[in-house]
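These numbers were taken from a predicted model, which means no experiment stands behind them. Throughout, residue positions are numbered sequentially from 1 according to the sequence presented.
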Amino acid sequence: MAAARREVTVSALQFACTDDVSTNVATAERLVRSAHAKGANIILIQELFEGYYFCQAQREDFIQRAKPYKGHPTILRMQQLAKELSVVIPVSFFEEANNAHYNSIAIIDADGSDIGLYRKSHIPDGPGYQEKFYFNPGDTGFKVFQTKFAKIGVAICWDQWFPEAARALVLQGAEILFYPTAIGSEPQDDGLDSRDHWKRVMQGHAGANLVPLVASNRIGTEIIETEHGKSKITFYGNTFIAGPTGEIVAAANDKDEDVLVAEFDLDKIKSKRHAWGVFRDRRPELYKVLLTLDGTNPIL
(Lines give C-alpha, C1' and ligand atoms only; values in the text may rest on other atoms or scores of the structure.)
Protein backbone atom coordinates (compact mmCIF):
# COMPACT_ATOMS: atom_id res chain seq x y z
CA MET A 1 0.00 0.00 0.00
CA ALA A 2 1.49 3.34 -1.08
CA ALA A 3 2.26 5.90 1.64
CA ALA A 4 0.09 9.02 1.72
CA ARG A 5 1.70 12.15 0.31
CA ARG A 6 1.74 15.30 2.43
CA GLU A 7 1.85 17.98 -0.21
CA VAL A 8 1.86 21.74 0.29
CA THR A 9 1.82 24.54 -2.26
CA VAL A 10 3.72 27.68 -1.29
CA SER A 11 3.61 31.09 -2.89
CA ALA A 12 5.76 34.22 -2.90
CA LEU A 13 4.39 37.62 -3.90
CA GLN A 14 6.29 40.47 -5.53
CA PHE A 15 5.01 44.00 -6.10
CA ALA A 16 5.94 47.67 -6.05
CA CYS A 17 4.83 49.63 -2.99
CA THR A 18 3.34 53.09 -2.90
CA ASP A 19 3.54 55.11 0.30
CA ASP A 20 -0.17 54.67 0.97
CA VAL A 21 -1.10 51.89 3.38
CA SER A 22 -4.58 51.22 2.00
CA THR A 23 -3.27 50.91 -1.57
CA ASN A 24 -0.53 48.48 -0.59
CA VAL A 25 -2.77 46.33 1.59
CA ALA A 26 -5.28 46.15 -1.25
CA THR A 27 -2.50 45.06 -3.62
CA ALA A 28 -1.36 42.41 -1.17
CA GLU A 29 -4.91 41.11 -0.81
CA ARG A 30 -5.39 40.99 -4.60
CA LEU A 31 -2.19 38.97 -5.00
CA VAL A 32 -3.02 36.66 -2.09
CA ARG A 33 -6.29 35.89 -3.86
CA SER A 34 -4.37 35.23 -7.08
CA ALA A 35 -2.02 32.86 -5.25
CA HIS A 36 -4.98 31.05 -3.70
CA ALA A 37 -6.51 30.67 -7.16
CA LYS A 38 -3.28 28.95 -8.21
CA GLY A 39 -3.64 26.48 -5.35
CA ALA A 40 -1.37 28.07 -2.75
CA ASN A 41 -1.68 27.02 0.89
CA ILE A 42 1.00 29.29 2.45
CA ILE A 43 1.49 32.74 0.93
CA LEU A 44 4.43 35.05 1.68
CA ILE A 45 4.10 38.83 1.35
CA GLN A 46 7.25 40.95 1.21
CA GLU A 47 8.80 42.79 4.18
CA LEU A 48 7.14 46.00 5.52
CA PHE A 49 4.72 46.04 2.59
CA GLU A 50 2.40 48.69 4.08
CA GLY A 51 4.51 51.53 2.64
CA TYR A 52 7.83 52.67 1.30
CA TYR A 53 10.95 51.19 2.86
CA PHE A 54 11.40 54.19 5.15
CA CYS A 55 14.76 53.10 6.59
CA GLN A 56 16.62 55.04 3.89
CA ALA A 57 16.41 58.00 6.29
CA GLN A 58 16.69 58.62 10.03
CA ARG A 59 13.50 60.58 10.61
CA GLU A 60 11.57 60.87 13.85
CA ASP A 61 8.26 61.23 12.02
CA PHE A 62 8.69 57.81 10.41
CA ILE A 63 8.70 56.18 13.84
CA GLN A 64 5.02 57.17 14.03
CA ARG A 65 4.33 54.51 11.38
CA ALA A 66 4.67 51.82 14.06
CA LYS A 67 1.55 50.29 15.58
CA PRO A 68 0.97 47.84 18.44
CA TYR A 69 0.74 44.16 17.59
CA LYS A 70 -2.67 43.55 19.14
CA GLY A 71 -5.44 45.19 17.17
CA HIS A 72 -3.16 46.03 14.24
CA PRO A 73 -5.54 46.83 11.36
CA THR A 74 -3.52 45.12 8.63
CA ILE A 75 -3.10 41.96 10.68
CA LEU A 76 -6.84 41.92 11.41
CA ARG A 77 -7.62 42.29 7.71
CA MET A 78 -5.23 39.48 6.80
CA GLN A 79 -6.82 37.28 9.48
CA GLN A 80 -10.18 37.70 7.77
CA LEU A 81 -8.63 36.96 4.38
CA ALA A 82 -6.77 33.87 5.62
CA LYS A 83 -9.95 32.49 7.16
CA GLU A 84 -11.98 33.17 4.02
CA LEU A 85 -9.45 31.43 1.74
CA SER A 86 -8.15 28.85 4.24
CA VAL A 87 -4.54 29.89 3.66
CA VAL A 88 -1.58 30.71 5.91
CA ILE A 89 -0.25 34.27 5.67
CA PRO A 90 2.84 35.63 7.48
CA VAL A 91 2.22 39.39 7.90
CA SER A 92 5.19 41.76 8.17
CA PHE A 93 4.70 45.03 10.10
CA PHE A 94 6.43 47.81 12.06
CA GLU A 95 5.63 47.05 15.70
CA GLU A 96 5.40 49.45 18.64
CA ALA A 97 5.68 47.76 22.06
CA ASN A 98 5.62 50.46 24.75
CA ASN A 99 8.97 52.24 24.20
CA ALA A 100 10.44 49.50 22.01
CA HIS A 101 10.04 49.11 18.27
CA TYR A 102 10.51 45.98 16.19
CA ASN A 103 10.52 44.76 12.61
CA SER A 104 8.01 41.98 13.22
CA ILE A 105 5.91 39.33 11.54
CA ALA A 106 2.64 37.79 12.71
CA ILE A 107 1.80 34.28 11.53
CA ILE A 108 -1.84 33.87 10.52
CA ASP A 109 -3.08 30.29 10.28
CA ALA A 110 -5.62 29.01 7.77
CA ASP A 111 -8.52 29.43 10.21
CA GLY A 112 -7.69 33.12 10.65
CA SER A 113 -6.09 32.68 14.06
CA ASP A 114 -2.94 34.59 14.96
CA ILE A 115 -0.56 31.86 16.14
CA GLY A 116 2.43 33.93 17.10
CA LEU A 117 4.96 36.68 16.55
CA TYR A 118 8.58 36.77 15.41
CA ARG A 119 10.74 39.88 15.80
CA LYS A 120 13.68 40.36 13.42
CA SER A 121 16.87 39.31 15.19
CA HIS A 122 19.62 40.83 13.06
CA ILE A 123 19.27 44.58 12.42
CA PRO A 124 21.39 46.11 9.62
CA ASP A 125 22.87 49.60 9.58
CA GLY A 126 24.34 51.09 6.44
CA PRO A 127 23.63 53.67 3.74
CA GLY A 128 20.02 53.29 2.65
CA TYR A 129 19.33 50.53 5.18
CA GLN A 130 19.49 52.38 8.51
CA GLU A 131 17.31 50.00 10.48
CA LYS A 132 19.08 50.40 13.81
CA PHE A 133 17.54 53.88 14.10
CA TYR A 134 14.04 52.33 14.08
CA PHE A 135 14.22 48.77 15.37
CA ASN A 136 15.36 47.14 18.57
CA PRO A 137 17.02 43.73 18.06
CA GLY A 138 14.32 41.09 18.25
CA ASP A 139 13.82 39.34 21.59
CA THR A 140 11.68 36.37 20.51
CA GLY A 141 14.49 34.11 19.42
CA PHE A 142 14.09 31.96 16.32
CA LYS A 143 10.62 30.46 16.29
CA VAL A 144 8.85 27.69 14.41
CA PHE A 145 5.08 27.75 13.90
CA GLN A 146 2.80 24.76 13.47
CA THR A 147 0.31 25.78 10.79
CA LYS A 148 -2.45 23.76 9.21
CA PHE A 149 -0.22 22.74 6.32
CA ALA A 150 3.34 22.57 7.70
CA LYS A 151 5.72 23.59 10.46
CA ILE A 152 7.28 26.77 9.15
CA GLY A 153 10.28 28.87 10.13
CA VAL A 154 10.07 32.57 9.35
CA ALA A 155 12.96 35.03 9.46
CA ILE A 156 13.21 38.55 8.05
CA CYS A 157 15.52 40.02 5.39
CA TRP A 158 18.93 40.64 7.04
CA ASP A 159 18.39 37.44 9.04
CA GLN A 160 18.86 35.60 5.75
CA TRP A 161 22.60 36.32 5.67
CA PHE A 162 23.11 34.23 8.82
CA PRO A 163 23.25 30.44 8.36
CA GLU A 164 22.88 30.01 12.12
CA ALA A 165 19.31 31.33 11.91
CA ALA A 166 18.28 28.88 9.20
CA ARG A 167 19.89 25.95 11.01
CA ALA A 168 18.23 26.94 14.31
CA LEU A 169 14.83 26.99 12.63
CA VAL A 170 15.22 23.59 11.00
CA LEU A 171 16.63 22.10 14.22
CA GLN A 172 13.32 23.12 15.81
CA GLY A 173 11.41 21.24 13.14
CA ALA A 174 10.79 23.81 10.41
CA GLU A 175 9.82 22.04 7.18
CA ILE A 176 9.90 25.18 5.02
CA LEU A 177 11.79 28.47 5.50
CA PHE A 178 10.24 31.84 4.65
CA TYR A 179 12.11 35.14 4.23
CA PRO A 180 10.19 38.38 3.53
CA THR A 181 12.73 40.98 2.36
CA ALA A 182 13.29 44.52 1.10
CA ILE A 183 16.59 44.79 -0.74
CA GLY A 184 17.82 46.57 -3.83
CA SER A 185 20.42 49.04 -5.01
CA GLU A 186 22.97 50.69 -2.73
CA PRO A 187 22.63 54.51 -2.58
CA GLN A 188 26.37 54.93 -1.91
CA ASP A 189 27.53 52.65 -4.74
CA ASP A 190 25.72 52.40 -8.07
CA GLY A 191 28.02 49.57 -9.10
CA LEU A 192 27.11 47.25 -6.25
CA ASP A 193 24.45 44.68 -7.15
CA SER A 194 23.90 42.00 -4.50
CA ARG A 195 21.04 40.10 -6.12
CA ASP A 196 23.01 37.00 -7.12
CA HIS A 197 24.83 36.90 -3.79
CA TRP A 198 21.49 37.32 -2.01
CA LYS A 199 19.97 34.38 -3.87
CA ARG A 200 22.97 32.08 -3.52
CA VAL A 201 23.15 32.52 0.25
CA MET A 202 19.51 31.49 0.68
CA GLN A 203 19.87 28.65 -1.80
CA GLY A 204 22.66 27.45 0.47
CA HIS A 205 20.34 27.53 3.48
CA ALA A 206 17.86 25.35 1.61
CA GLY A 207 20.54 22.92 0.47
CA ALA A 208 22.42 22.74 3.76
CA ASN A 209 19.23 21.99 5.69
CA LEU A 210 17.35 20.05 2.97
CA VAL A 211 14.20 22.16 3.18
CA PRO A 212 12.34 24.31 0.65
CA LEU A 213 12.82 28.06 1.00
CA VAL A 214 10.59 30.97 -0.05
CA ALA A 215 11.94 34.53 -0.45
CA SER A 216 9.74 37.52 -1.29
CA ASN A 217 11.18 40.91 -2.30
CA ARG A 218 9.68 44.15 -3.58
CA ILE A 219 10.26 45.93 -6.89
CA GLY A 220 10.16 49.58 -7.93
CA THR A 221 12.12 52.75 -7.19
CA GLU A 222 11.49 54.54 -3.90
CA ILE A 223 12.78 58.06 -3.13
CA ILE A 224 12.91 59.24 0.47
CA GLU A 225 13.74 62.72 1.77
CA THR A 226 16.62 62.44 4.22
CA GLU A 227 18.54 64.92 6.34
CA HIS A 228 21.13 65.00 3.52
CA GLY A 229 18.72 65.32 0.59
CA LYS A 230 17.01 62.62 -1.43
CA SER A 231 17.93 58.93 -1.17
CA LYS A 232 16.86 56.44 -3.83
CA ILE A 233 16.71 52.65 -3.87
CA THR A 234 15.59 50.57 -6.82
CA PHE A 235 14.45 47.25 -5.38
CA TYR A 236 15.51 44.31 -7.50
CA GLY A 237 12.74 41.81 -6.93
CA ASN A 238 14.11 38.40 -7.94
CA THR A 239 11.63 36.77 -5.58
CA PHE A 240 12.15 33.01 -5.72
CA ILE A 241 11.29 29.60 -4.35
CA ALA A 242 14.07 27.04 -3.84
CA GLY A 243 13.77 23.31 -3.41
CA PRO A 244 15.49 21.19 -0.74
CA THR A 245 18.80 20.90 -2.62
CA GLY A 246 18.94 24.66 -3.17
CA GLU A 247 17.63 24.45 -6.73
CA ILE A 248 15.47 27.37 -7.85
CA VAL A 249 12.06 26.04 -8.86
CA ALA A 250 10.29 29.37 -9.44
CA ALA A 251 11.68 32.88 -9.94
CA ALA A 252 10.52 36.40 -10.73
CA ASN A 253 12.41 39.12 -12.59
CA ASP A 254 13.52 42.54 -11.31
CA LYS A 255 10.68 44.62 -12.76
CA ASP A 256 7.30 42.91 -12.81
CA GLU A 257 4.63 42.15 -10.26
CA ASP A 258 4.45 38.40 -9.83
CA VAL A 259 2.87 35.51 -7.96
CA LEU A 260 5.11 32.46 -7.73
CA VAL A 261 3.88 29.01 -6.68
CA ALA A 262 5.56 25.66 -6.13
CA GLU A 263 4.39 22.36 -4.69
CA PHE A 264 6.41 20.15 -2.36
CA ASP A 265 5.88 16.70 -0.88
CA LEU A 266 6.98 17.27 2.71
CA ASP A 267 7.16 13.61 3.70
CA LYS A 268 9.34 12.77 0.72
CA ILE A 269 11.64 15.68 1.58
CA LYS A 270 11.70 14.61 5.23
CA SER A 271 12.84 11.13 4.22
CA LYS A 272 15.64 12.55 2.08
CA ARG A 273 16.68 14.97 4.85
CA HIS A 274 16.97 12.17 7.39
CA ALA A 275 18.81 9.88 4.98
CA TRP A 276 21.30 12.55 3.93
CA GLY A 277 22.73 12.62 7.46
CA VAL A 278 23.55 16.29 8.02
CA PHE A 279 21.44 16.36 11.18
CA ARG A 280 22.55 12.90 12.30
CA ASP A 281 26.22 13.85 12.00
CA ARG A 282 26.12 17.25 13.67
CA ARG A 283 28.65 17.83 16.49
CA PRO A 284 27.14 20.57 18.70
CA GLU A 285 29.86 20.14 21.32
CA LEU A 286 32.37 21.45 18.75
CA TYR A 287 30.38 24.57 17.92
CA LYS A 288 31.00 26.56 21.12
CA VAL A 289 33.02 29.07 19.11
CA LEU A 290 29.67 30.23 17.71
CA LEU A 291 28.92 31.64 21.16
CA THR A 292 31.73 34.18 20.74
CA LEU A 293 32.16 37.38 18.76
CA ASP A 294 35.93 37.10 18.33
CA GLY A 295 36.41 33.34 18.21
CA THR A 296 37.80 33.15 21.73
CA ASN A 297 35.65 34.75 24.43
CA PRO A 298 32.23 33.20 25.05
CA ILE A 299 29.30 35.57 25.41
CA LEU A 300 27.70 34.80 28.76
Side-chain angles (χ1 to χ4, degrees), residues 6 8-13 25 28-29 32 35-36 40-50 66-123 131 134-160 162 164-182 205 209 211-216 264 266:
R6 191 161 60 94
V8 62
T9 300
V10 298
S11 177
L13 310 184
V25 174
E29 178 171 337
V32 167
H36 171 256
N41 308 121
I42 308 174
I43 303 168
L44 184 65
I45 309 171
Q46 61 215 33
E47 180 187 18
L48 298 172
F49 64 90
E50 291 182 291
K67 292 183 176 65
Y69 172 34
K70 296 302 181 183
H72 193 290
T74 299
I75 296 174
L76 293 175
R77 180 166 173 177
M78 291 298 157
Q79 285 183 262
Q80 294 173 348
L81 182 62
K83 183 176 182 180
E84 176 192 342
L85 302 179
S86 191
V87 296
V88 174
I89 310 174
V91 182
S92 173
F93 69 105
F94 183 12
E95 180 192 2
E96 177 185 284
N98 295 323
N99 289 303
H101 296 83
Y102 299 100
N103 186 336
S104 299
I105 193 155
I107 311 303
I108 310 305
D109 208 354
D111 62 357
S113 61
D114 180 347
I115 60 174
L117 179 76
Y118 169 70
R119 291 168 170 164
K120 186 173 181 176
S121 300
H122 304 94
I123 310 299
E131 295 196 13
Y134 297 98
F135 308 129
N136 295 84
D139 59 359
T140 59
F142 303 116
K143 298 177 70 173
V144 169
F145 302 91
Q146 178 65 68
T147 73
K148 176 181 178 181
F149 302 106
K151 288 184 75 171
I152 66 173
V154 183
I156 302 171
C157 201
W158 192 238
D159 287 334
Q160 72 90 12
F162 298 86
E164 301 89 343
R167 178 53 56 88
L169 290 168
V170 182
L171 276 171
Q172 294 178 80
E175 298 173 292
I176 312 170
L177 298 177
F178 291 84
Y179 290 91
T181 68
H205 298 335
N209 292 288
V211 293
L213 184 148
V214 183
S216 174
F264 297 103
L266 297 182

Donor-acceptor under 3.5 Å ([X] side chain, [Y] main chain):
X      : Y      : result
Ser92  : Leu48  : yes
Ser216 : Gln46  : yes
Gln79  : Gly112 : yes
Glu47  : Ala182 : yes
Thr147 : Phe149 : yes

Heavy atoms only: give me the nearest [X]-[Y] pair and the separation to one decimal.
X      : Y      : value
Asp114 : Gly116 : OD1-N, 3.1 Å
Ala35  : Leu13  : CB-CD2, 4.2 Å
Leu169 : Val144 : O-CG2, 3.3 Å
Phe142 : His122 : CZ-CE1, 3.8 Å
Phe49  : Val25  : CE1-CG2, 4.3 Å
Pro180 : Ile45  : CB-O, 3.5 Å

Within a strict 4.5 Å, meaning less than it, do heavy atoms of the [X] and [Y] side chains meet?
X      : Y      : answer
Glu96  : Lys67  : no
Tyr118 : Ile107 : no
Phe178 : Ile42  : yes
Phe93  : Glu50  : yes
Asp139 : Arg119 : yes
Leu81  : Glu84  : yes
Ile176 : Phe264 : no

Asp159 with Lys120: basic N within carboxylate O range, under 4.0 Å
no
Is it the case that over 12 heavy atoms from other parts of the model lie below 6.0 angstrom from the NZ atom of Lys83?
no
Geometric class of the Phe94/His101 ring pair [parallel <30°, tilted 30-60°, perpendicular >60°]:
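Tilted: the ring planes of His101 and Phe94 meet at 30° to 60°.
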Show your working on side-chain contact (heavy atoms from CB on, under 4.5 Å) between Asn41 and Val87 and close with a plain yes or no.
CA-CA 5 Å; Asn41 308 121; Val87 296; 5.8 Å; no
Under the side-chain contact (heavy atoms from CB on, under 4.5 Å) criterion, do Glu29 and Val32 qualify, and how do the steps go?
CA-CA 5 Å; Glu29 178 171 337; Val32 167; 5.5 Å; no
Going from [atom1] on [X] to [atom2] on [Y], what distance comes out if it is rounded to the nearest 0.5 angstrom?
X      : Y      : atom1 : atom2 : value
Ile123 : Phe135 : CD1   : CZ    : 7.0 Å
Asn136 : Glu95  : CG    : CD    : 10.0 Å
Leu177 : His205 : CG    : NE2   : 8.5 Å
Glu164 : Leu171 : CD    : CG    : 12.0 Å
Ile105 : Ile75  : CD1   : CD1   : 9.5 Å

With side-chain contact (heavy atoms from CB on, under 4.5 Å) as the criterion, how do Val10 and Leu44 come out once you've worked through the C-alpha distance, each side chain's angles and the decisive distance to 0.1 Å?
CA-CA 8 Å; Val10 298; Leu44 184 65; over 6 Å; no
Just do the salt bridge (Lys or Arg N to Asp or Glu O under 4.0 Å) check on Arg6 and Glu175 with the steps written out, would you?
CA-CA 12 Å; Arg6 191 161 60 94; Glu175 298 173 292; 2.4 Å; yes
Let me see the working for Asp111 and Lys148 under side-chain contact (heavy atoms from CB on, under 4.5 Å), right down to the final yes or no.
CA-CA 8 Å; Asp111 62 357; Lys148 176 181 178 181; over 6 Å; no
